[in-house]
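Atom set for the values below is all heavy atoms of this structure, side chains included, hydrogens, waters and symmetry mates excluded.
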Amino acid sequence: MTLAQLEEAEDEFDEEDMKAIETYREKRLQEWKVLKKKQKFGELREISGNQYVNEVTNAEKDVWVIIHLYRSSIPMCLLVNQHLSLLARKFPATKFVKAIVDSCIQHYHDNCLPTIFVYKNGQIEDKFIGIIECGGTNLKLEELEWKLAEVGAIQTDIEENPNISIEDMMASSIRNTSIYDSDSSNGDNDNK
């Protein structure tokens, strides 16, 4: 195509082309608005006990809410806050909040922290209370993501439980230990 032919083709931009562009622009704008509406959270926000009912129990219909009750003097709580902050950015359609436990529940025991409640439509769908239920002191981001996905609060792209290999190794180790223990005890009985 020559430059003259190209210039001539450019001049043939008519009203129909303008309508097509405007229709496309409107469609993309609507898609963007729908996406923006779904992705309205995107951060781990601090709330007080006074805000709990409004922010958590009375949250919008069909919105998943994850609340972490914590105490800043507990290292595991700080780790969970770090992980939830990253997950909040990754899953902006889910509402992530945290609250200092004493502002919500007076005299809550430290051995129950961290505590994570997962809500939907004003109901607790699941809870993780204490270090063990929250994943242990070596909790990895992927492990917490998996736990929340199992409940349904987020849609993860992780295909299998990151803990399975650890659990399999532990189970295998226990089986091997018990096999060796029974062999050595049988051997001891033969010597007697």
Side-chain angles (χ1 to χ4, degrees), residues 38-175 177-178:
K38 285 182 180 177
Q39 298 181 346
K40 60 179 139 192
F41 303 111
E43 66 179 339
L44 176 62
R45 289 188 316 109
E46 181 87 33
I47 64 168
S48 68
N50 301 352
Q51 299 169 304
Y52 192 103
V53 171
N54 191 41
E55 292 286 334
V56 178
T57 311
N58 294 339
E60 291 178 48
K61 188 176 188 315
D62 295 327
V63 170
W64 286 93
V65 181
I66 297 166
I67 180 161
H68 175 218
L69 300 180
Y70 75 100
R71 189 164 289 135
S72 59
S73 61
I74 298 177
M76 181 67 184
C77 290
L78 299 176
L79 177 64
V80 169
N81 277 341
Q82 287 176 339
H83 289 341
L84 289 177
S85 183
L86 294 171
L87 292 174
R89 282 186 236 130
K90 186 174 180 181
F91 301 102
T94 300
K95 186 178 197 178
F96 288 83
V97 293
K98 62 182 179 175
I100 295 173
V101 71
D102 293 330
S103 73
C104 299
I105 304 171
Q106 293 300 312
H107 310 294
Y108 198 69
H109 293 284
D110 283 357
N111 61 352
C112 295
L113 294 175
T115 294
I116 299 172
F117 292 125
V118 182
Y119 279 81
K120 185 174 184 185
N121 295 324
Q123 300 295 315
I124 293 179
E125 297 294 326
D126 209 341
K127 58 187 178 293
F128 306 102
I129 299 174
I131 291 174
I132 301 301
E133 283 188 28
C134 284
T137 56
N138 295 319
L139 177 68
K140 305 276 186 280
L141 177 65
E142 296 79 18
E143 295 166 356
L144 183 55
E145 182 174 334
W146 180 263
K147 281 179 170 295
L148 296 174
E150 278 189 314
V151 177
I154 58 176
Q155 300 296 314
T156 184
D157 55 358
I158 299 174
E159 294 182 6
E160 69 177 40
N161 185 345
N163 266 340
I164 290 210
S165 59
I166 294 169
E167 291 169 3
D168 287 347
M169 285 191 307
M170 290 172 60
S172 174
S173 175
I174 290 168
R175 278 193 298 272
T177 302
S178 62

J.: Taking side-chain contact (heavy atoms from CB on, under 4.5 Å) as the criterion, tell me which of L148, L79, I67, L141 meets it with L84.
T.: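 Option passing the side-chain contact (heavy atoms from CB on, under 4.5 Å) with L84: L148.
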
J.: Scan residues 44-54 for pairs that pass salt bridge (Lys or Arg N to Asp or Glu O under 4.0 Å), counting only residues two or more places apart or in two chains.
T.: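 Sorted result for residues 44-54: R45-E55, E46-K98.
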
J.: Check side chain to side chain donor-acceptor pair (under 3.5 Å) between K147 and all other residues, then give those that pass, not counting sequence neighbours.
T.: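 Partners of K147 under the side chain to side chain donor-acceptor pair (under 3.5 Å) test: none.
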
J.: What ring pair (Phe, Tyr, Trp, His ring centres under 6.0 Å) pairs are there with at least one residue in residues 72-104, not counting sequence neighbours?
T.: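 Found none.
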
J.: Assess whether side-chain hydrogen bond (donor to acceptor under 3.5 Å, both in side chains) is satisfied between W146 and E142, documenting all intermediate values.
T.: CA-CA 6 Å; W146 180 263; E142 296 79 18; over 6 Å; no

J.: List the steps and the verdict of side-chain contact (heavy atoms from CB on, under 4.5 Å) for D62 and N121.
T.: CA-CA 6 Å; D62 295 327; N121 295 324; 3.3 Å; yes

J.: Is the shortest distance from a Lys or Arg side-chain nitrogen in K90 or E145 to a carboxylate oxygen in the other one below 4.0 Å?
T.: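 Here K90 pairs with E145 in a salt bridge, since their nearest N and O are under 4.0 Å apart.
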
J.: For residues 112-133, which residue pairs pass the ring pair (Phe, Tyr, Trp, His ring centres under 6.0 Å) check, not counting sequence neighbours?
T.: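 Every candidate ring pair (Phe, Tyr, Trp, His ring centres under 6.0 Å) pair involving residues 112-133 fails, so no pair, neighbours aside, qualifies.
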
J.: Output yes when a side-chain donor or acceptor of D126 lies under 3.5 Å from a complementary backbone atom of V118, and no otherwise.
T.: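 A pair under 3.5 Å: no.
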
J.: Could you work out, with side chain to side chain donor-acceptor pair (under 3.5 Å) as the rule, every residue matching T57, not counting sequence neighbours?
T.: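 Expected list: none.
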
J.: Drop me the distance from Y70's OH to C104's SG, to the nearest 0.5 angstrom.
T.: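 Separation between the atoms: 10.0 Å.
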
J.: Supply the atom-to-atom distance E160 CD to I158 CD1, rounded to the nearest 0.5 angstrom.
T.: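 Going from the CD atom of E160 to the CD1 atom of I158 covers 10.5 Å.
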
J.: State which residue, out of L144, T94, L44, fulfils the side-chain contact (heavy atoms from CB on, under 4.5 Å) condition with L87.
T.: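 For L87, the side-chain contact (heavy atoms from CB on, under 4.5 Å) test succeeds with only one of L144, T94, L44, which is L144.
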
J.: Using the rule given for side-chain contact (heavy atoms from CB on, under 4.5 Å), can you reason through S72 versus I100, listing the C-alpha separation, both sets of side-chain angles and the distance that settles it, and then say yes or no?
T.: CA-CA 8 Å; S72 59; I100 295 173; over 6 Å; no

J.: Show, in sequence, the C-alpha distance, side-chain angles and deciding distance for T115 and Y108, and conclude whether the side-chain hydrogen bond (donor to acceptor under 3.5 Å, both in side chains) test is met.
T.: CA-CA 10 Å; T115 294; Y108 198 69; 2.8 Å; yes

J.: What's the spacing between I47 CD1 and S103 OG if we round to 0.5 Å?
T.: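 Here the interatomic distance stands at 7.5 Å.
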
J.: Please tell me if the side chains of V97 and V65 come closer than 4.5 Å, counting only heavy atoms from C-beta onward.
T.: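 When only atoms from C-beta onward are counted, V65 and V97 do touch, with a gap below 4.5 Å.
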
J.: Who are the side chain to side chain donor-acceptor pair (under 3.5 Å) partners of N81, not counting sequence neighbours?
T.: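 Residues passing side chain to side chain donor-acceptor pair (under 3.5 Å) with N81: H68.
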
J.: State whether the side chain of W64 and the backbone N or O of G152 hold a donor-acceptor pair below 3.5 Å, judged by distance alone.
T.: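 The answer is yes, because a donor-acceptor pair under 3.5 Å joins these two groups.
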
